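Heads up, the thing below is written out as structure tokens.
A, B, ... follow the sequence lines: proteins, then strands. Residue 1 opens every chain. Remember, it's a predicted structure, so these values are computed and weren't measured experimentally.
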2 protein chains.
Amino acid sequence: MELDERKQKILDAIIRTYMETGEPVGSRTISKYSDLNLSSATIRNEMSDLEEMGYIIQPHTSAGRIPSDKGYRLYVDHILESKDQEIQEFKDLMLERTDKLEQMLQQVVKVLAANTNYATMVSTPAVKGNKLKFIQLSKVNSTQILAVIMMEGNLVRNKVIDVTEELDQETVLKLNILLNSVLNGRSIEEINLAMIQNLKEQAGIHSELIASVIDAVAEVIHAEDEVKIYTSGATNIFRYPELSDNGKASEIISTFEEKQELTDLVNQTLENSDNQGIQVYIGQESPIQAMKDCSVVTATYELGEGLQGTIGIIGPKRMDYENVLKTLKTLTEQLDEIYNKRKK
Amino acid sequence: MELDERKQKILDAIIRTYMETGEPVGSRTISKYSDLNLSSATIRNEMSDLEEMGYIIQPHTSAGRIPSDKGYRLYVDHILESKDQEIQEFKDLMLERTDKLEQMLQQVVKVLAANTNYATMVSTPAVKGNKLKFIQLSKVNSTQILAVIMMEGNLVRNKVIDVTEELDQETVLKLNILLNSVLNGRSIEEINLAMIQNLKEQAGIHSELIASVIDAVAEVIHAEDEVKIYTSGATNIFRYPELSDNGKASEIISTFEEKQELTDLVNQTLENSDNQGIQVYIGQESPIQAMKDCSVVTATYELGEGLQGTIGIIGPKRMDYENVLKTLKTLTEQLDEIYNKRKK
DNA sequence: TGTTAGCACTCAGAGGGGCCGAGTGCTAAT
DNA sequence: ATTAGCACTCGGCCCCTCTGAGTGCTAACA
């Protein structure tokens, strides 16, 4: 059987209606609502076909039809194809923009949740192929050294290193210079064993400390450690009866609270960025098991210099894809812009 | 009317039974369950008195009685009076203890939620009268300086400062020495205007930068900014039917997610620490409106040197106070111990 | 041949009635 | 002061019915 234009239109009408109401939609509704001017009987026939083809589902006899994952997928793919969408302004949000990236992201995720009425999340940017700007060792006390590591994009990480040998100020200074002269401007991938060996030799008796510092650098740069995730509006899922069943709701909210699985989502999203970085997971497609009854829309934003983060919106399968996609697109663009301004 | 011993015992029995079952408890139950050897009729008379005195409530005619906030309060106060409670071990938790305080706290809050089946939260320590260990300025590029500020307790904060004037390495070094010589070992309260003035004078043309740095120090030290709150087990509230009513659950979980109000709770807790730092808010007593149907138990832990944080457990009013109080006491002691070991 | 009207059928959900049992308050007896 | 007994209350549960939305099928129609 073929999905001709009329069937498409009917499917579209079904999905739209269902997105609004959340109730199974019947033939009569479509017959009246849409501008197809077909009787309910005809619609029924078509619906029967659509069901056979797997685009819609009847939750039980004598109920209307609801879209299946496959139906949603078709719908979303259509939207994704349609090219330029108008741009909505986030001025009010951006007015309050702060210098602190993390605070801003928290702001973003809140506004997003409030605007969309879905659950939202955002990850801080992961470091990817990022380069060292400089390392600064400072003596804390006789047995501890503070290593401050700054990367491109002004990301700063600290680590306190315990040392066995006592160091004087001068030695610390020398080690500083040594480390910086060799490591600055390198990405983690570029720092190889030969380089480390070389460093150790030059450091002489302090080679052990060098090893510690390198370890710290490696640890610190390793992205996963430091990707933070902010969420908001998890309780929005109570708005959608099909999700607020106690077991489901609890699972989804737990996932939001514990965040571990969200990290997986972020990583997966970053791996397959395409289509302007926006991805839509419908139902079972979702990488997170707890969200198999939801749709998850993710977008990748980039603050330049290999700093990529993810924004995600989680809602019912009948979410307002059109609006969500548009909003996410706008938002990621705005984030780009912020970065560029800050750079200037 | 007086609360004689028998009434006390009956009240106690009512509360304990209700804590177990979550159902209103009737006179017959108490008559059989307790070792008072009184008929249900007698119990009924006493219950009638207890109700009049405000310790118990009848949710509706022909239902049993449940404890009122006042009843719980009496019960909790009794427990708090009873002195030495046995100590329960958290060895498995502590085995995994890491150097990273925040990671450990996250661990703590998770274990706590899993063990108690209540919702839990923990705040990172707030800085209070804490002293500067040192300040380190580093040149990032021609217009930016990185200030690393280390406090007692090895708390490190970073801030990138934009500067208008170009600085060479040597100047940065000089400013470093200047700042450290004046500010080291001072707490934020000790840094006064005269000191700042003095610094500025010595800095000459760079006085503006000094001002920026001082601002940064102030900002960074200001506790509220940096108190982070971790939560876990928010969905545990679904275990308790009296809380899992949709509206209430949603409110509580939102509070947990947004965290702003939890900060208020933390602050309030830190302000009135007494009774080994453990406080119990029952129902309306809670500083957080959303939790007016819950009980909130908070404990203050101290990592020495003015670093205080808060642990909180949020559950139904019929929570197992005895166990919760014991657990919290143990936990805070363990945290103390960790600090002492780390110090050594 | 595609579309429509009509009709019998299905089924979830709302509403109502009746029953049950837990629990109370009161009274009279011990 | 305590207890036994009794009438009464009331929420929760089960069962039934009714309703209305929706379907599939068939026959008529253009």
Side-chain angles (χ1 to χ4, degrees), chain A residues 1-11 13-15 17-18 20-68 71 241-242 244-245, chain B residues 1-11 13-15 17-18 20-68 71 241-242 244-245:
Chain A
M1 205 178 317
E2 202 202 346
L3 190 71
D4 58 22
E5 200 184 322
R6 196 169 74 174
K7 283 191 172 53
Q8 283 249 17
K9 276 191 178 164
I10 292 175
L11 179 58
I14 293 173
I15 295 183
T17 314
Y18 180 67
E20 267 177 39
T21 63
E23 308 266 289
V25 343
S27 52
R28 222 175 101 78
T29 317
I30 299 300
S31 161
K32 281 192 299 184
Y33 165 91
S34 77
D35 48 0
L36 292 165
N37 276 331
L38 294 171
S39 81
S40 63
T42 311
I43 304 288
R44 276 205 289 285
N45 289 330
E46 297 287 31
M47 278 166 111
S48 179
D49 292 351
L50 283 170
E51 181 161 14
E52 203 179 320
M53 291 156 84
Y55 291 112
I56 53 181
I57 286 173
Q58 210 175 4
H60 60 85
T61 11
S62 93
R65 310 301 216 284
I66 61 174
S68 69
E242 68 267 41
S244 59
D245 157 284
Chain B
M1 205 175 321
E2 202 201 346
L3 191 70
D4 58 22
E5 200 184 323
R6 195 171 74 173
K7 283 192 173 52
Q8 282 247 17
K9 276 191 180 166
I10 292 176
L11 180 57
I14 293 173
I15 295 183
T17 315
Y18 180 68
E20 267 177 40
T21 64
E23 305 268 288
V25 342
S27 52
R28 223 176 101 78
T29 317
I30 299 298
S31 161
K32 283 192 298 183
Y33 164 91
S34 78
D35 47 359
L36 292 165
N37 277 331
L38 293 171
S39 81
S40 62
T42 312
I43 305 287
R44 276 205 288 284
N45 289 330
E46 296 289 30
M47 279 166 112
S48 179
D49 291 353
L50 284 170
E51 180 161 12
E52 203 180 317
M53 293 156 83
Y55 291 112
I56 52 179
I57 287 173
Q58 210 176 4
H60 59 87
T61 10
S62 92
R65 309 300 216 284
I66 60 175
S68 68
E242 68 268 40
S244 58
D245 159 286

What does the B/S/- profile of nucleotides 7-13 of chain C look like, 5' to 3', with a 4.0 Å heavy-atom cutoff to protein?
---BBS-
side-chain contact (heavy atoms from CB on, under 4.5 Å) between A:L38 and A:E46, intermediate numbers included
CA-CA 11 Å; A:L38 294 171; A:E46 297 287 31; 5.7 Å; no
Reckon A:R65 has a side-chain N or O less than 4.0 Å from the OP1 or OP2 of D:dG24?
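Yes.
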Between D:dT3 and B:T42, is there an OP1 or OP2 to side-chain N/O distance shorter than 4.0 Å?
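Checking B:T42 against D:dT3: at least one side-chain N or O falls below 4.0 Å of OP1 or OP2.
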Checking the side chain of A:S27 only, and the main-chain atoms of A:A41 only, is there a donor and an acceptor separated by less than 3.5 Å?
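Pair absent, no side-chain N/O of A:S27 close to backbone of A:A41.
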Please report the distance, rounded to the nearest Å, between [atom1] in [X] and [atom2] in [N].
X     : N      : atom1 : atom2 : result
B:M47 : C:dC26 : CE    : P     : 15 Å
A:E52 : D:dT23 : CD    : P     : 16 Å
B:L38 : D:dA4  : CG    : P     : 11 Å
B:E23 : C:dG21 : CD    : P     : 16 Å
B:I43 : D:dA4  : CD1   : P     : 12 Å
A:I56 : D:dT23 : CD1   : C1'   : 12 Å
A:E51 : D:dG24 : CD    : C1'   : 12 Å
A:N37 : C:dA5  : CG    : C1'   : 17 Å

Counting only heavy atoms not in B:N37, do more than 12 fall under 6.0 Å of its CG?
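Open: at most 12 neighbouring heavy atoms sit under 6.0 Å from CG of B:N37.
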Side-chain contact, heavy-atom cut-off 4.5 Å: B:I15 with B:L11?
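With C-beta onward as the side chain, the pair touches.
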So do B:R6 and B:T42 actually touch side chain to side chain, heavy atoms under 4.5 Å?
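The answer is yes; the side chains approach within 4.5 Å.
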How long is the gap from CG on A:L36 to NZ on A:K9, to the nearest 0.5 Å?
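Interatomic distance, A:L36 CG to A:K9 NZ, rounded to 0.5 Å: 6.0 Å.
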Using the rule side chain to side chain contact (heavy atoms under 4.5 Å, CB included), only one of B:I66, B:I14, B:I56 pairs with B:V25; which is it?
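When B:I66, B:I14, B:I56 are each tested with B:V25, the side chain to side chain contact (heavy atoms under 4.5 Å, CB included) holds only for B:I14.
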Mind checking if A:A63 touches a base, just sugar-phosphate, or nothing, with heavy atoms under 4.0 Å?
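Here A:A63 touches the backbone only, sparing every base.
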Given that B:S40 and A:R28 both sit by DNA chain D, which one's nearest nucleotide is further toward the 5' end?
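Its nucleotide being nearer the 5' end, the pick is B:S40.
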